[in-house]
Amino acid sequence: MRICSSKFAIIICLTLIFPLPTLSQKTAVNVWPKPRLVSWPKPLARFLSSNFTIDSPYHQHLATAVTRYLGLVRTEHYHPLIPPSVNVSASVPPLQTLSIDITDLVAPLQHGVIETYSLSISEVGETAYLTAETAWGAMRGLETFSQLVWGNPLAIPVGLNIWDAPLFAHRGLMLDTSRNYYEVEDILRTIEAMSANKLNVFHWHVTDSQSFPLMVPSEPELAAKGSYGPNMIYSPSDVVKIVQFGLEHGVRILPEIDSPGHTGSWAEAYPEIVACANMFWLPGNDMADRLADEPGTGQLNPLNQKTYKVLENVIRDVTNLFPETLYHGGADEIVPGCWKADPTIQSFLSNGGTLSQLLEKFINSTLPYIISLNRTVVYWEDVLLDDVVKVDSSFLPREHTILQTWNNGSNNTKKIVQAGYQTIVSSSEFYFLDCGHGDFLGNDSLYDPQTTGRDPKDGKSWCDPFKAWQTIYNYDIAFGLSEEEARLVLGGEVALWSEQTDPMVLDGRLWPRTSAMAETLWSGNRDEAGRKRSAEATERLNEWRYRMVSRGVKAEPIQPLWCIRNPGMCNASKPM
């Protein structure tokens with residue numbers, strides 16, 4: 001028997017017929033991210049059959065996910081750190097099957113696809129039911145089902161009904177693979193962990209000034225000369241593998257080819273189109289004299305027509321390699337000193353031209369082409385909000401442009417939506433995961449005198465402090481927005497820049513802090529009464545971190561094991 005098969009019926013079933021219990025680590029229902037609505041009136045469980053199976057309609061990518069989850073459910077045998085306080089009935093026959101029903105089997109994986117699902121596990125009968133609008137929603141439900149199973153022999157809660165759907169459609173993670181190189185397997189492991197946390201966008205910042213590791217078929221010299229070496233290049237077959245893996249895990253792969261700034265690596269193949277390439281980044285004693293915001297100079301020259309010939313080839317090939325409907329064009333951190341160092345640009349400026357006009361020429365020469373390839377363009381916020389080099393909004397059609405914010409917290413988010421643009425939130429104050437590990441510059445005189453280490457000028461990184469999981473969890477990305485403005489917030493992304501990150505520390509820098517963001521964007525960081533629930537989330541995140549570790553993700557701990565074994569004893573205050 002299937003109950004609560006539609007969204008509205010599920011809400012009625014769960015909120016009117018059943019009470020909504022307070023779920024904790026002591027129960028068997030410990031799912032991350034927390035589902036939107038859960039009903040489990042009685043703490044009962046039953047065993048899973050040793051021949052448990054999953055019955056699903058055929059879908060190319062869902063079929064792979066079903067096989068994966070079936071293997072996980074049968075073999076994981078996860079033992080919670082605190083045994084669940086639940087009676088496992090041996091008198092009821094084991095659960096034999098999870099039956100999946102999908103309304104729309106052809107919905108593509110793209111922004112706005114419906115990820116809603118409902119899950120019903122009865123106290124009796126041989127079958128549990130997972131109902132979803134799309135295959136992608138079914139994948140989210142399969143992840144939830146897998147987290148409900150524990151022990152050896154396998155057990156699962158019964159008398160359980162879940163209705164679940166994300167609050168935000170865009171829930172992403174950005175990884176920079178230019179400053180340090182990551183093997184394909186590192187990227188795949190990251191995508192797999194994203195899927196387990198119900199994240200759906202891997203934003204691949206694949207190129208930058210430091211290296212160009214992507215093999216672009218029509219411009220092979222860019223990677224051949226601009227990468228760190230022949231063993232540090234992503235081939236077209238690598239991209240196909242990553243995109244396919246993403247589809248099998250419900251994760252879109254969003255490519256970013258940052259330009260016109262952050263393009264020093266392009267000069268290894270085409271020095272004539274890159275201004276100030278391979279120059280020392282800080283020729284003077286003042287940051288105002290800089291040629292780049294960090295070591296690694298070079299910006300594409302908007303006045304050189306060859307710039308657009310090369311870039312058009314790159315854009316065309318990238319859109320062919322990546323089926324994603326968004327294309328990230330970067331357009332951040334244009335440093336005036338770099339363009340001013342180029343003789344042709346000096347002449348343009350001396351004849352009355354401006355730096356902003358240079359950027360407008362670049363955007364006007366590239367954005368229409370990207371749009372012609374049926375892509376919506378994403379730019380970093382700088383293109384509109386930078387203090388010195390920015391374009392007029394008339395160059396950025398709102399129906400084809402999304403702005404990703406990274407500065408000034410909720411203030412810049414509000415500026416973007418007030419200007420009528422959709423936005424993706426990656427505020428460095430909350431979501432930059434590389435912060436807090438000191439500066440990476442060598443020969444820095446800041447370190448010459450012995451200090452207390454407490455002064456903000458003692459050589460710390462620009463975006464200190466380290467973003468603790470609580471900071472990430474407590475961030476409301478639509479803070480201070482009206483209801484109409486909030487509708488323009490597509491979602492958010494944590495960002496891991498790689499000046500001081502490589503495969504050796506990748507998992508620990510990402511997890512479980514990214515899990516914190518995942519829950520806030522999926523089901524929110526507030527309870528039914530509107531209170532922040534980071535305190536309640538601590539025990540659940542501890543448990544989820546250990547489960548991720550058991551699945552091969554080297555997530556860092558957030559508390560000593562003693563705290564987990566003694567719930568509540570490590571709180572800052574005693575619960576009332």
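We count residues from 1, following the sequence as given. These figures come from a predicted structure and were not determined experimentally.
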Any idea how [X] and [Y] line up, ring-wise: parallel (<30°), tilted (30 to 60°), or perpendicular (>60°)?
{"X": "Tyr473", "Y": "Trp469", "result": "perpendicular"}
{"X": "Tyr475", "Y": "Phe430", "result": "parallel"}
{"X": "Trp497", "Y": "His205", "result": "perpendicular"}

For the aromatic rings, using the six-membered ring if either is Trp, is the centroid distance between [X] and [Y] under 6.0 Å?
{"X": "Phe145", "Y": "Tyr69", "answer": "no"}
{"X": "Tyr234", "Y": "Tyr181", "answer": "yes"}
{"X": "His59", "Y": "Trp136", "answer": "yes"}

Measure from the side-chain N and O atoms of [X] to the backbone N and O of [Y], and report whether any donor-acceptor pair falls under 3.5 Å.
{"X": "Arg375", "Y": "Leu373", "result": "yes"}
{"X": "Arg526", "Y": "Arg531", "result": "no"}
{"X": "Thr401", "Y": "Arg398", "result": "no"}
{"X": "Asn161", "Y": "Ser39", "result": "no"}
{"X": "Ser235", "Y": "Asp238", "result": "yes"}
{"X": "Asp176", "Y": "Ser178", "result": "yes"}
{"X": "Ser56", "Y": "Ile100", "result": "no"}
{"X": "Glu485", "Y": "Lys414", "result": "no"}
{"X": "His249", "Y": "Val251", "result": "no"}
{"X": "Lys390", "Y": "Leu385", "result": "no"}

Item checked: Ile242 side, atom CD1; Thr190 side, atom OG1 - distance, nearest 0.5 Å -> 10.0 Å
Notebook entry, point to check: What is the distance from atom CD of Glu381 to atom CD1 of Ile424, rounded to the nearest 0.5 Å?
Noted result: 12.5 Å
Verify whether one side chain among [X] and [Y] offers a donor that lies under 3.5 Å from an acceptor in the other.
{"X": "Asn412", "Y": "Trp406", "answer": "no"}
{"X": "Ser498", "Y": "Tyr182", "answer": "yes"}
{"X": "Asn525", "Y": "Asn474", "answer": "no"}

Quick one: salt bridge (charged side-chain N to carboxylate O under 4.0 Å, His left out) pairs with a partner in [range], sequence neighbours left out?
{"range": "residues 188-204", "value": "Asp186-Arg189, Arg189-Asp507"}
{"range": "residues 239-253", "value": "Glu185-Lys241, Arg252-Glu324"}
{"range": "residues 58-71", "value": "none"}

Margin query: Exactly one of Val383, Asp392, Val389 should register a side-chain contact (heavy atoms from CB on, under 4.5 Å) with Glu360. Which one does?
Written below: Asp392
Between [X] and [Y], does any side-chain N to carboxylate O distance fall below 4.0 Å?
{"X": "Arg533", "Y": "Glu519", "answer": "yes"}
{"X": "Glu536", "Y": "Arg540", "answer": "yes"}
{"X": "Arg545", "Y": "Glu556", "answer": "no"}
{"X": "Arg179", "Y": "Asp208", "answer": "yes"}

Next item on the list: Give a yes or no on this: more than 12 heavy atoms of other residues, nucleotides or ligands lie within 6.0 Å of atom CD of Glu399.
Entry: yes
Note to self: Taking atom CZ as the centre, does Phe479 end up with more than 12 heavy-atom neighbours from other residues, nucleotides or ligands that are less than 6.0 angstrom away?
What the structure shows: no
Item checked: Check against side chain to side chain donor-acceptor pair (under 3.5 Å), Asn197 and Trp511 -> CA-CA 10 Å; Asn197 285 270; Trp511 311 104; over 6 Å; no
Notebook entry, point to check: Is it the case that Arg551 places NZ or CZ above or below the six-membered ring of Tyr78, under 6.0 angstrom from the centre and within 45 degrees of the axis?
Noted result: no
Note to self: One pair to check against side chain to side chain donor-acceptor pair (under 3.5 Å): Asp164 and Tyr117. What are the steps and the verdict?
What the structure shows: CA-CA 6 Å; Asp164 211 3; Tyr117 70 90; 2.6 Å; yes
Margin query: On a heavy-atom basis, which atom in Thr520 and which in Leu167 lie closest, and how many Å separate them?
Written below: O-CD1, 4.2 Å
